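To start, the structure under review is shown below, and the notes come after it.
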Amino acid sequence: MDPKLLTIGQVSETIGVSIQTLRRWDKSGKLPSVRRKKSGNRYYRKHDIDNFIRNNLKDLFGLAKNWAVNEIETDLPSIFYCQNISVFQARLTRLENELGKIKRLSKIFPLITAITGEIGNNSFDHNLGNWPDVPGIFFAYGLNKRRIVLADRGQGILKTLKKVKAELSTHQEALKVAFTEIISGRAPEYRGNGLKFVKDVVTANEISLFFQTGNAQLKIKKGDSVLRVEKSNINLRGCLALIKF
């Protein structure tokens, strides 16, 4: 076989989606295959697969956002998906090791890892046993572009915090509480404490954060003393975060 052609099984393993998904993507034109005239089997050009992966890496935030917003459960390549907290922790350790090799980040890479871990762990801790559809999180990073992206299709912060603050009625109120108020106790209350830690780290270092839950979003960076929570015209499932450093 031409070494520049890959079988559907090889592509399934490389990208991390099922063969059934690849067949759907072929039919829709998202990732076309080539067919052998005699056998009719699907094959893929290696450069098409390389381009597919490269293009997805170009816009990690867009990929995560589309996944979180879509009302219909969609397939996510396994290279971007952590189905459980053990997978997330393993990849988080790998991220920390890679960040530690960047000289200019020598003083803050543990903090970048810490806030990434806080956001990711929140998704697992506060949706445990209550995932609306897809369990697990989107987690990817591009060190060349200095960004980390996380997302989940969970319950969102409002539903979590209403269990202990029933007076909350909007995503904007819930997001502000989560990032500014100390809420003592265990999960789900602890969510507010963890995100306050994230805010404190970001505002004290050369890091910026975009965070959205439901239709509420905020942006914070070093030196910000006022937290501005805005209403988004897009409503997403769970939470979406972009860390830049």
Side-chain angles (χ1 to χ4, degrees), residues 1-102 116 120 123-124 131-154 234 236-238 240-245:
M1 189 179 75
D2 187 339
K4 295 182 179 179
L5 288 179
L6 304 174
T7 67
I8 193 170
Q10 289 172 320
V11 174
S12 173
E13 184 175 350
T14 299
I15 296 180
V17 297
S18 69
I19 289 175
Q20 290 74 20
T21 294
L22 288 173
R23 287 172 177 156
R24 288 200 301 272
W25 286 358
D26 185 9
K27 186 176 181 180
S28 68
K30 182 176 180 178
L31 185 58
S33 69
V34 294
R35 299 290 188 100
R36 291 284 193 182
K37 289 183 179 180
K38 291 184 178 181
S39 66
N41 292 336
R42 287 179 172 88
Y43 291 91
Y44 293 82
R45 298 181 183 90
K46 186 176 184 302
H47 74 266
D48 287 342
I49 302 306
D50 291 341
N51 287 337
F52 179 84
I53 295 173
R54 191 178 301 113
N55 289 335
N56 278 321
L57 287 172
K58 282 182 179 178
D59 188 17
L60 294 175
F61 182 75
L63 184 65
K65 186 176 182 179
N66 288 338
W67 180 69
V69 168
N70 203 318
E71 287 298 319
I72 301 173
E73 179 181 338
T74 56
D75 296 296
L76 192 64
S78 62
I79 55 174
F80 304 130
Y81 176 57
C82 299
Q83 65 269 34
N84 57 54
I85 197 166
S86 296
V87 174
F88 172 65
Q89 290 293 343
R91 293 186 183 177
L92 184 65
T93 298
R94 185 172 63 192
L95 169 64
E96 183 172 33
N97 291 336
E98 293 182 29
L99 290 173
K101 296 175 183 177
I102 303 175
T116 302
S123 293
F124 288 105
W131 293 98
D133 54 14
V134 184
I137 68 171
F138 180 105
F139 174 41
Y141 53 88
L143 298 186
N144 290 336
K145 292 188 175 182
R146 305 175 186 178
R147 59 189 58 196
I148 300 165
V149 182
L150 303 103
D152 69 63
R153 291 171 61 90
I234 295 175
L236 58 81
R237 290 171 174 260
L240 171 68
L242 171 63
I243 301 167
K244 295 182 180 181
F245 49 89

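What you see is a predicted model, and the numbers here were worked out from it, not measured in a lab.
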>> Can you tell me how far apart OG (Ser78) and CD (Glu13) are? Round to the nearest 0.5 Å.
In response: 9.5 Å

> Partners of Arg94 by salt bridge (Lys or Arg N to Asp or Glu O under 4.0 Å), sequence neighbours excluded?
Replying inline: none

>> To check you understand the geometry: which heavy-atom pair defines the closest contact between Asp152 and Gly154, and what is its length?
In response: OD1-N, 2.7 Å

>> Tell me if the CD atom of Glu98 is crowded by more than 12 foreign heavy atoms within 6.0 Å.
In response: yes

>> So Phe61 and Leu240, do their side chains get closer than 4.5 Å, heavy atoms only?
In response: yes

>> How close do Leu150 and Thr116 get, counting heavy atoms only, and between which atoms?
In response: CD2-O, 3.9 Å

> Atom CG of Leu5 and atom OH of Tyr43: how far apart are they, to the nearest 0.5 Å?
Replying inline: 8.5 Å

>> With rounding to the nearest 0.5 angstrom, report the CG to CZ distance, Leu99 to Arg146.
In response: 12.0 Å

> Does the pair Ile53 and Thr14 meet the rule for a side chain to side chain contact (heavy atoms under 4.5 Å, CB included), with working shown?
Replying inline: CA-CA 9 Å; Ile53 295 173; Thr14 299; 4.0 Å; yes

> Any idea which heavy atoms bring Phe245 and Arg147 closest together, and the distance?
Replying inline: CE2-N, 3.6 Å

> Looking only at heavy atoms, what is the nearest atom pair of Ala140 and Phe80, with distance?
Replying inline: CB-CD2, 3.6 Å

>> Any non-hydrogen side-chain atom of Arg42 less than 4.5 Å from a side-chain atom of Ile19?
In response: no

> Has the side chain of Arg91 got a donor or acceptor atom that lies under 3.5 Å from a matching backbone atom of Tyr81?
Replying inline: yes

> How far apart are the closest heavy atoms of Leu60 and Tyr141, and which atoms are they?
Replying inline: CD1-C, 3.7 Å

Run the side-chain donor-acceptor check on residues 62-70: report pairs under 3.5 Å with partners two or more places apart or on a different chain.
residue	atom	partner	partner atom	Å
Asn66	ND2	Gly62	O	3.2
Asn70	OD1	Ile72	N	2.9

> Could you give the distance from NE2 (His47) to CG (Leu6), rounded to the nearest 0.5 Å?
Replying inline: 11.0 Å

>> I'd like to know whether CG of Asp133 has more than 12 heavy-atom contacts from other residues, nucleotides or ligands below 6.0 angstrom.
In response: yes

>> Between Arg237 (side chain only) and Glu71 (backbone N and O only), is there a donor and an acceptor less than 3.5 Å apart?
In response: yes

>> Tell me if the centroids of the rings in Trp25 and Tyr44 come within less than 6.0 Å of each other.
In response: no

>> How close do Pro32 and Asp26 get, counting heavy atoms only, and between which atoms?
In response: CA-OD1, 3.6 Å

> Sequence neighbours excluded, which residues qualify as ring-ring contact (aromatic ring centres under 6.0 Å, His included) partners of Phe88?
Replying inline: Phe139

>> I'd like to know whether Ile15 forms a side chain to side chain contact (heavy atoms under 4.5 Å, CB included) with Leu31, so could you lay out the CA-CA distance, the side-chain angles of the two residues, the decisive distance to 0.1 Å, and finally the verdict.
In response: CA-CA 11 Å; Ile15 296 180; Leu31 185 58; 3.8 Å; yes

> Judged by atom type as modelled, is there a donor-acceptor pair below 3.5 Å linking the side chain of Ser12 to the main-chain atoms of Ile8?
Replying inline: no

